[in-house]
Amino acid sequence: MKPAQRGISVADQKVKDAQEFDFAKIQEKWQTIWEELEPFSTSNPEDKRPHKYVLDMFPYPSGDLHMGHAEAYAFGDIVARYWRLQGFNVLHPIGWDSFGLPAENAAIERGVDPRKWTYDNIAQQKRSMKLYATSFDWDRVLHTSDPEYYKWNQWLFLKMYERGLAYRKDSWVNWCPKDQTVLANEQVEDGLCERCGTVAIKKKLTQWYFKITDYADRLLDDLNQLEGSWPAKVLTMQRNWIGRSNGADVYFRVEGQSEPITVFTTRPDTLFGATFMVVAPDSDLAAELVAGADSQTQEAFARYLTEVQKKTEIERQDAGREKTGVFLGRYAINPVNGEKVPIWSADYVLADYGHGAIMAVPAHDQRDLDFARKFGLPIRVVVDTTATVTGAITVVDESASVDFESINPETTGIALVGEGRMLNSGPLDGLSKQNAISKMIEILEKGGNGKAARAYRLRDWLISRQRYWGTPIPIIHGSNGELIPVPEDQLPIVLPESEGLDLTPRGTSPLGGAEAWVNVTNPIDGSPAKRDPDTMDTFVDSSWYFLRYLDPNDDTKAFDPAEVEKWAPVDQYVGGVEHAILHLLYARFITKALFDMGYLTFTEPFSALLNQGMVLSGGSKMSKRKGGVSFSDEVRTHGVDAIRLTLAFAGPPEDAINWEDVSPAASLKFLARAWRLSDDVTSKPGALWKDGDTSLRRHTHRFLADVPGLAESLKFNVVIARIMDLVNVTRKAIDTGPGGADPAVREAVEVVTMALSMFAPYTAEDMWQKLGYEPTVALASWRKADPTLLIEESVVCVVQVDGKLRERIEVSPLAGADALEKTALELPGVIRAVGDRKIARVIVKAPRLVNVVTE
RNA sequence: GCCCCCGUAGCCCAACCGGCAGAGGCAGACGACUUAAAAUCGUCACAGUGAGGGUUCAAAUCCCUCCGGGGGCACCA
């Protein structure tokens with residue numbers, strides 16, 4: 001609190017303000033009333049209103065809410081309140097994504113029980129949300145860390161396991177040395193653990209995976225359905241992440257071995273230019289091949305493999321780095337020309353993409369060229385990129401004869417990756433790239449040497465975590481290593497108490513140390529067995545939570561088909577762009593899997609998505625720590641409504657907000673100004689609007705007609721601008737127009753109040769009451785615009801000569817084109833501007849514009 | 001390196017299917033009220049749309065090139 005500049009006058013002022021618009025008092029008053037009324041409950045089965053499902057991404061309960069939450073929840077709440085005004089029964093639930101590392105780390109650092117830490121934070125956030133006037137249905141709250149919730153996580157796991165979508169494999173995984181747990185591919189950003197920023201390393205471990213790659217095509221293709229309803233950016237990111245490439249698989253026989261090697265290539269047209277082969281050093285294939293080589297080669301390979309495995313993901317991904325590799329002493333046979341090509345192993349080939357092996361075409365691939373030049377391997381050009389080819393075999397342009405030596409990859413070091421005419425390629429000679437690809441696939445398929453194929457960047461979703469605070473995996477390991485799913489009727493497998501457990505990250509799950517918990521009997525034969533000690537990635541929890549809200553208290557099933565039919569999919573989803581891939585991809589995947597299992601009738605969970613922009617202060621994310629303003633401070637000084645209004649008014653919702661650019665004080669001032677209008681309405685409810693001032697009514701009804709379109713296209717900033725405009729016009733009508741007793745003034749103020757209730761619920765409730773209505777304005781009905789009031793009395797018609805503005809005339813909105821043209825041509829300004837030039841034509845867009853075009 | 005989005009008053013932002021560049025706000029100037037100030041009410045000013053070219057009767061809007069900002073992908077065959 002700032003010290004009073006001039007003691008007495010400031011104190012006086014405070015008293016005066018308090019009598020006028022005291023937001024704190026209004027907040028307190030309405031919170032109590034809302035608690036009693038529960039206006040946002042959706043549990044009445046008799047409710048006949050149509051449905052909407054508006055969902056905010058649920059928060060992780062670390063500490064109190066911050067400005068980022070405030071922004072997202074403001075937008076979700078505006079949408080929910082908008083649809084309620086439009087007569088919909090709106091499901092707008094909230095819950096907590098309450099499993100996860102921070103709770104566990106707090107436990108380790110401060111000795112707090114993760115449960116207590118989590119649920120205390122939830123209680124705090126819940127209080128803040130209620131103060132923040134979010135219109136959530138508080139009867140549907142869920143916490144993913146409740147056994148009542150994670151029981152169904154375990155159920156989901158079992159369903160995935162039944163369908164072969166959950167499986168274990170021994171593989172190289174991303175490992176965070178700090179958190180001492182594995183990470184999914186999606187959780188490694190630029191080689192760093194996305195949670196703590198530690199450099200991730202690779203470990204070979206047996207882990208549980210969800211087979212998301214089975215859904216790669218559908219996850220990619222169904223994005224087309226979301227075009228226009230999801231941010232283009234998110235669609236692009238998901239497409240990139242899935243990374244589908246079309247090409248071919250080619251089978252290479254290996255000398256002295258019966259099993260052929262399969263390689264994936266996007267350029268089967270260049271097969272005649274393949275002069276060596278490369279396999280990933282950390283692949284099984286490399287190990288098999290080198291096993292058949294001499295001991296010197298084996299030693300060299302072993303040394304190389306060790307070296308490669310020491311590298312972090314960051315080092316490996318450095319594209320500029322020098323190529324390394326070893327010859328494996330083995331040869332493969334190129335199936336189209338019978339040539340013997342040496343097999344090398346190098347770490348620029350990845351074990352888990354395609355088949356972990358490539359055909360190297362150094363003349364036409366930069367990576368292969370770099371490798372060939374370093375190790376002296378042959379380079380053969382098979383595409384003449386100086387020639388242009390169109391159609392099947394027609395060479396169109398050979399005149400652009402560039403001197404071949406000037407572009408020879410062997411000397412320039414630049415691979416010829418462009419289009420061109422095939423050469424040195426037998427049956428492909430003369431063809432264009434596209435035709436050569438098709439032809440080669442045909443040849444391969446005919447000869448049984450390959451087939452058209454696709455490869456994906458997407459990898460299966462690693463879901464095991466070696467941590468305590470998560471959902472136990474419902475699998476029992478028998479003494480012979482057999483995997484036994486826990487019978488459904490034994491769910492949930494409840495997490496043991498953390499007391500007495502060592503939660504310190506040690507690379508294996510702390511649950512392994514809970515003797516009484518982990519040791520069980522084999523449900524099949526009663527022999528001693530152990531529970532799987534790992535817990536699930538918390539993204540499993542959030543991959544289906546939107547279904548659990550439909551009936552969060554049902555302990556007989558995860559979700560009810562009838563409720564799903566009624567509410568789902570989500571009509572509007574709101575959340576941060578940081579989940580563009582992770583959560584949104586997983587939720588889409590699980591939705592499709594549940595669809596295939598027959599539990600759902602739709603394949604996309606979120607029909608529309610809004611990513612709110614970030615709230616920045618001083619160029620970085622707003623946080624109290626950095627000495628900036630905090631959410632709770634801002635709420636204290638300006639009130640909830642002013643903060644909500646400020647966030648929504650700042651600009652388009654997806655744009656970032658610089659706190660320095662906005663003014664919560666101005667928002668508060670505006671709210672007081674709007675609020676004062678309701679004091680100046682002196683007519684009673686039920687006043688006959690049609691007797692009111694027509695000019696003001698035109699404004700009001702134009703507003704009623706325009707706002708729904710603006711709100712539905714999420715242009716909240718424009719909606720607020722329009723409310724401000726209507727407030728200004730109404731103020732003028734009261735002070736210098738027809739006066740506060742005019743029914744049109746009451747009509748306008750009622751409309752302002754309704755519209756304002758989306759953004760500033762407290763202020764709007766208070767206005768509604770002052771207007772003589774019972775609570776709550778949140779359940780009021782949006783009025784339909786009267787079409788007769790939407791027609792202006794007169795409009796301004798612009799008259800141009802050759803595109804230049806010459807005259808403006810007032811005309812009837814119904815004026816016809818011919819009449820307008822005639823009038824326009826007689827205007828002095830037009831006659832002057834035309835002069836003695838001839839009129840070529842006259843363009844009329846009645847009733848707004850006439851353009852006289854001269855020759 | 002490749003791909004996507006965005007550049008409009010001093011600032012944040014509007015502008016429908018191409019049709020008068022301005023809805024709203026911040027900051028500013030002036031006026032009314034006041035002994036004065038705050039609050040309130042009112043009035044006003046400010047850009048030709050990042051630059052250049054093209055299409056069109058007409059371009060902030062469509063196309064091309066460049067500049068500036070933001071984001072995504074990048075040893076994925």
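A, B, ... follow the sequence lines: proteins, then strands. Residue 1 opens every chain. Keep in mind that what you see is a predicted model, and the values were worked out from it rather than measured.
When distances are taken from the side chain of A:Asp661 to each of B:C11, B:A14, B:A77, the shortest belongs to B:C11. Out of B:G24, B:C73, B:A77, the shortest distance to the side chain of A:Met724 is found at B:G24. Listed nucleotides B:A23, B:A77, B:C73 differ in distance to A:Ser245; the shortest reach to its side chain belongs to B:A77. Taking only side-chain atoms of A:Asn851, from C-beta outward, the nucleotide of B:G42, B:A77, B:G19 with the closest atom is B:G19. Closest contact between the side chain of A:Leu849 and the listed nucleotides B:C57, B:G19, B:A77 involves B:G19. Side chain of A:Arg731, nearest nucleotide from B:G42, B:A77, B:C73: B:G42. Out of B:A77, B:A14, B:U40, the shortest distance to the side chain of A:Val349 is found at B:A77. Of the candidate nucleotides B:A77, B:C57, B:G25, B:A77 has the atom lying nearest to any side-chain atom of A:Thr266. Distance from the side chain of A:Gln800 is smallest to B:G19 among B:G19, B:G72, B:C41. Of all nucleotides listed (B:C13, B:C57, B:A23), B:C13 comes nearest to the side chain of A:Pro652.
For residues 698-718 of chain A, the pairs satisfying ring pair (Phe, Tyr, Trp, His ring centres under 6.0 Å) are A:Phe75-A:Phe716, with sequence neighbours left out.
Counting to the nearest Å, the P atom of B:A77 and the CG atom of A:Asp368 are 12 Å from each other. Atom NZ of A:Lys311 and atom P of B:C75 are 15 Å apart (whole Å). A:Asp679 places its CG atom 13 Å from the P atom of B:C41, with the value rounded to the nearest Å.
Under a 4.0 Å N-O distance rule, the pair A:Asp269/A:Arg267 qualifies as a salt bridge. Using a 4.0 Å cut-off between charged side-chain N and carboxylate O, A:Arg698 and A:Glu792 make no salt bridge. In this structure, A:Asp680 pairs ionically with A:Arg731, as a charged nitrogen and a carboxylate oxygen lie closer than 4.0 Å. Here A:Asp370 does not pair with A:Lys374 in a salt bridge; the nearest charged N to carboxylate O distance is not below 4.0 Å.
Pair assignment for B:C44: B:G28, on the basis of Watson-Crick or G-U wobble contacts that are both within less than 3.5 Å. Of all nucleotides present, only B:C57 satisfies the Watson-Crick or G-U wobble test against B:G19, with each distance under 3.5 Å. Pairing for B:G52 goes to B:C64, judged as Watson-Crick or G-U wobble with the two contacts each under 3.5 Å. In this structure B:A14 sits in no base pair that meets the Watson-Crick or G-U test at under 3.5 Å.
B:C46 and B:C26: their C1' atoms are spaced 14 Å apart (whole Å). Straight-line distance between the P atoms of B:A45 and B:G54: roughly 35 Å, to the nearest whole Å. For the P atoms, the distance linking B:G19 with B:U61 amounts to 11 Å, nearest Å. B:C67 and B:A27: their C1' atoms are spaced 29 Å apart (whole Å). Look at the C1' atom in both B:G69 and B:G24: the space between them is 25 Å, to the nearest Å. For the P atom pair drawn from B:A77 and B:G18, the interatomic distance equals 38 Å after rounding to whole Å. Going from the P atom of B:C66 to that of B:G28 covers 42 Å, rounded to whole Å. Taking atom C1' in both B:U8 and B:G25, the straight-line distance is 16 Å, to the nearest Å.
Distances shown here put a side-chain N or O of A:Arg841 below 4.0 Å from the OP1 or OP2 atom of B:C57. A close approach under 4.0 Å does occur between a side-chain nitrogen or oxygen of A:Arg673 and OP1 or OP2 of B:G42. Proximity of A:Arg676 to the phosphate of B:C41: a side-chain N or O atom is located under 4.0 Å from OP1 or OP2. One finds no side-chain N or O of A:Lys715 lying less than 4.0 angstrom from the OP1 or OP2 phosphate oxygen of B:C16. For B:G25, the OP1/OP2 oxygens have a side-chain nitrogen or oxygen of A:Asn728 closer than 4.0 Å.
Annotation: of the two residues near RNA chain B, A:Lys845 and A:Ala232, the 5′-most nearest-nucleotide partner is A:Ala232. With RNA chain B read from its 5' end, the first of the two nearest nucleotides for A:Val853 and A:Ala280 is the one closest to A:Val853.
Within residues 703-714 of chain A, no residue places a heavy atom under 4.0 Å from RNA chain B.
Here B:G48 is in the syn range [glycosidic angle within 90° of 0].
At a threshold of 4.5 Å between non-hydrogen side-chain atoms, the residues A:Thr324 and A:Asp347 count as touching. Using a 4.5 Å cut-off on side-chain heavy atoms (C-beta onward), A:Lys451 and A:Ile441 make no contact. By the 4.5 Å heavy-atom criterion applied to side chains, A:Asp679 and A:Trp675 are counted as neighbours.
There is a side-chain donor-acceptor pair under 3.5 Å between A:Trp659 and A:Glu634.
Taking the six-membered ring where the residue is Trp, the centroids of A:Phe276 and A:Phe371 are separated by under 6.0 Å.
Within 4.0 Å of A:Ile843, counting heavy atoms only, lies at least one base atom of the nucleic acid.
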